[in-house]
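For reference, the structure discussed in these notes is given below.
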Number of protein chains: 2
Amino acid sequence: MEANLQKASSEELILSAAQEVFMEKGLAGARMQEIADRAGMNKALLHYYFRSKEKLFQVVITKAISSLLPRLLGVIETDLDLFDKIRHLTSEFIGFLNKNSFLPVFIVNEINRNPQFFFKNVVRQEKAHLDSFQRQVEEAVHQGRIRPISPDQLFMNMMSMVVFPFLAKPVFKEALGIPEEEYQRVIDRRRIEVADFLIQSLRP
Amino acid sequence: MEANLQKASSEELILSAAQEVFMEKGLAGARMQEIADRAGMNKALLHYYFRSKEKLFQVVITKAISSLLPRLLGVIETDLDLFDKIRHLTSEFIGFLNKNSFLPVFIVNEINRNPQFFFKNVVRQEKAHLDSFQRQVEEAVHQGRIRPISPDQLFMNMMSMVVFPFLAKPVFKEALGIPEEEYQRVIDRRRIEVADFLIQSLRP
DNA sequence: GTCTATATTCCGATAGAC
DNA sequence: GTCTATCGGAATATAGAC
């Protein structure tokens with residue numbers, strides 16, 4: 001309560017500046033000097049708070065991932081009907097990414113550079129939640145409510161349609177020949193359209 | 001003919017080593033020393049052939065993109081039926097990426113770091129081909145052969161489902177709890193399943 | 001905790017012999 | 001064309017005053 005009213009501490013300033021720079025430039029491309037500048041303080045302070053660039057990066061990326069994951073799992077573990085769950089998941093997720101549109105590039109990039117890191121710190125215990133989604137799909141198939149489909153493939157399709165437009169934004173914008181604001185609108189329409197597209201495909 | 005029998009020239013050795021390293025580490029993360037090592041020669045030679053790291057990178061990325069694009073546009077400009085075109089496109093594309101699975105991460109990454117570069121060198125004149133695909137979709141909607149859908153959204157969905165599983169491979173592997181070879185099989189099944197999924201969704 | 005100044009490491013690039 | 005040796009700059013990291 002009280003803490004929220006204080007202006008941000010140096011540590012917080014560094015972290016948010018670091019997140020910006022790392023997301024734009026990646027680990028190797030980021031400069032401690034630039035982070036310091038954006039945080040409005042001296043380079044040496046970064047080392048005072050976080051020993052090294054590597055350590056700072058680790059903190060930033062861990063925070064980024066844990067801002068993303070719980071949000072999804074929260075929706076997955078509700079006891080909604082399959083179609084409603086799909087609608088909530090896609091809409092929530094796209095809405096969130098729209099406010100953090102650098103996150104996907106950042107995560108994809110670093111996850112591919114250093115795969116083992118993530119699965120030490122994140123994921124792992126979250127797999128159970130995913131399994132429950134898979135079972136829900138299988139059940140719906142069994143009841144004939146949706147056409148036969150592999151839960152894995154459905155999951156991949158859903159995630160792909162949600163995340164990829166953020167990764168490929170510059171390409172799509174150019175390919176479709178539309179400016180920034182228009183692309184924003186196209187993306188925003190996807191909060192509904194992706195779920196529609198999925199559900200249409202699932203008709204028996 | 002004859003040239004193919006020669007062993008690779010230094011220039012070719014550098015280029016293929018450079019592609020490897022740039023794809024794994026990105027522009028900023030790559031080291032000229034490592035490229036030289038993998039090419040089995042001295043660092044100074046890289047500068048002899050390609051003045052600078054930047055120049056070398058430019059050659060590599062231009063080659064990479066032009067290995068990808070014509071393949072897609074070739075399929076788009078055939079006069080196949082819409083569904084057949086979708087089947088060909090997805091299958092071709094996934095098959096190609098399966099043999100160049102680092103390419104998507106590389107391109108997404110660098111395209112976001114430096115968007116303007118690409119649209120100077122690539123794309124641009126290719127937009128016409130895409131427009132013809134868009135028109136074909138609109139026509140099919142008009143004829144009632146498929147349900148009403150925005151061509152843009154369909155195009156994004158198709159590309160997303162094709163490319164994203166390569167970008168998110170480490171995550172999907174972990175999330176689905178399957179080993180490398182199994183993931184290969186899942187991807188390979190997608191050469192058919194993605195088209196099926198799309199076409200199912202398009203039913204009127 | 002925060003700064004200035006400096007040490008240290010790393011890496012792209014060049015010079016010059018062969 | 002290819003190598004060894006080295007330069008010069010940039011960036012991370014530390015020392016030490018305040």
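Chain identifiers are assigned alphabetically (A, B, ...) following the order of the sequence lines, protein sequences preceding nucleic acid strands; residue numbering begins at 1 within each chain. Worth saying up front: this structure is predicted, and the values here are computed from it rather than measured. Only this structure's heavy atoms are used, side chains among them; waters, hydrogens and symmetry mates stay out.
Of the side-chain N and O atoms in A:His47, none sit less than 4.0 angstrom from OP1 or OP2 of D:dT14. Within the 4.0 Å cut-off from OP1 or OP2 of D:dT12, not a single side-chain nitrogen or oxygen of A:Ser52 is found. For the pair B:Ser10 and D:dG1, the criterion of a side-chain N or O lying under 4.0 Å from OP1 or OP2 is not met. Within the 4.0 Å cut-off from OP1 or OP2 of C:dT2, at least one side-chain nitrogen or oxygen of A:Tyr49 is found.
Between B:Phe22 and B:Phe57, the distance from one ring center to the other falls under 6.0 angstrom.
Taking atom CD of residue A:Gln33 and atom C1' of nucleotide C:dT4, one finds them 12 Å apart after rounding to whole Å. Spacing between atom CE of B:Met32 and atom P of D:dT6 amounts to 21 Å, rounded to whole angstrom units. In this structure, the NZ atom of B:Lys43 is 11 Å from the C1' atom of D:dC7, given to the nearest Å. If you measure from atom NZ of A:Lys53 to atom P of D:dT12, you get 5 Å, rounded to the nearest angstrom. Rounded to an integer number of Å, the gap from B:Arg31 CZ to C:dC10 C1' is 8 Å. Rounding to whole angstrom units, CD of residue B:Glu12 and P of D:dG1 are separated by 13 Å. Protein atom CZ of A:Phe50 is 16 Å distant from nucleotide atom P of D:dT12, rounded to whole Å. Atoms CG (B:Leu45) and C1' (C:dA17) sit 15 Å apart, rounded to a whole Å.
Atom NE2 of A:His88 has 12 or fewer neighbouring heavy atoms from other residues, nucleotides or ligands inside a 6.0 Å radius.
Ring-plane geometry between B:Phe197 and A:Phe197 is classed as tilted, the angle between the planes lying from 30 to 60 degrees on a 0 to 90 degree scale.
When each of A:Tyr48 and B:Glu11 is assigned the nucleotide of DNA chain D bearing its nearest heavy atom, the one mapping closer to the 5' terminus is B:Glu11.
The side chain of A:Ala44 lies closest to C:dT4, out of D:dT12, C:dA15, C:dT4. Of the listed nucleotides (C:dC3, D:dT4, C:dG12), D:dT4 has the atom at the smallest distance from the side chain of B:Asn42.
Using a 4.0 Å cut-off between charged nitrogen and carboxylate oxygen, B:Arg38 and B:Glu24 count as a salt-bridge pair. With respect to the salt-bridge test (charged N to carboxylate O, under 4.0 angstrom), the residues B:Arg87 and B:Asp196 qualify.
Looking at heavy-atom distances under 4.0 Å, B:Ala28 makes no contact with the nucleic acid at all.
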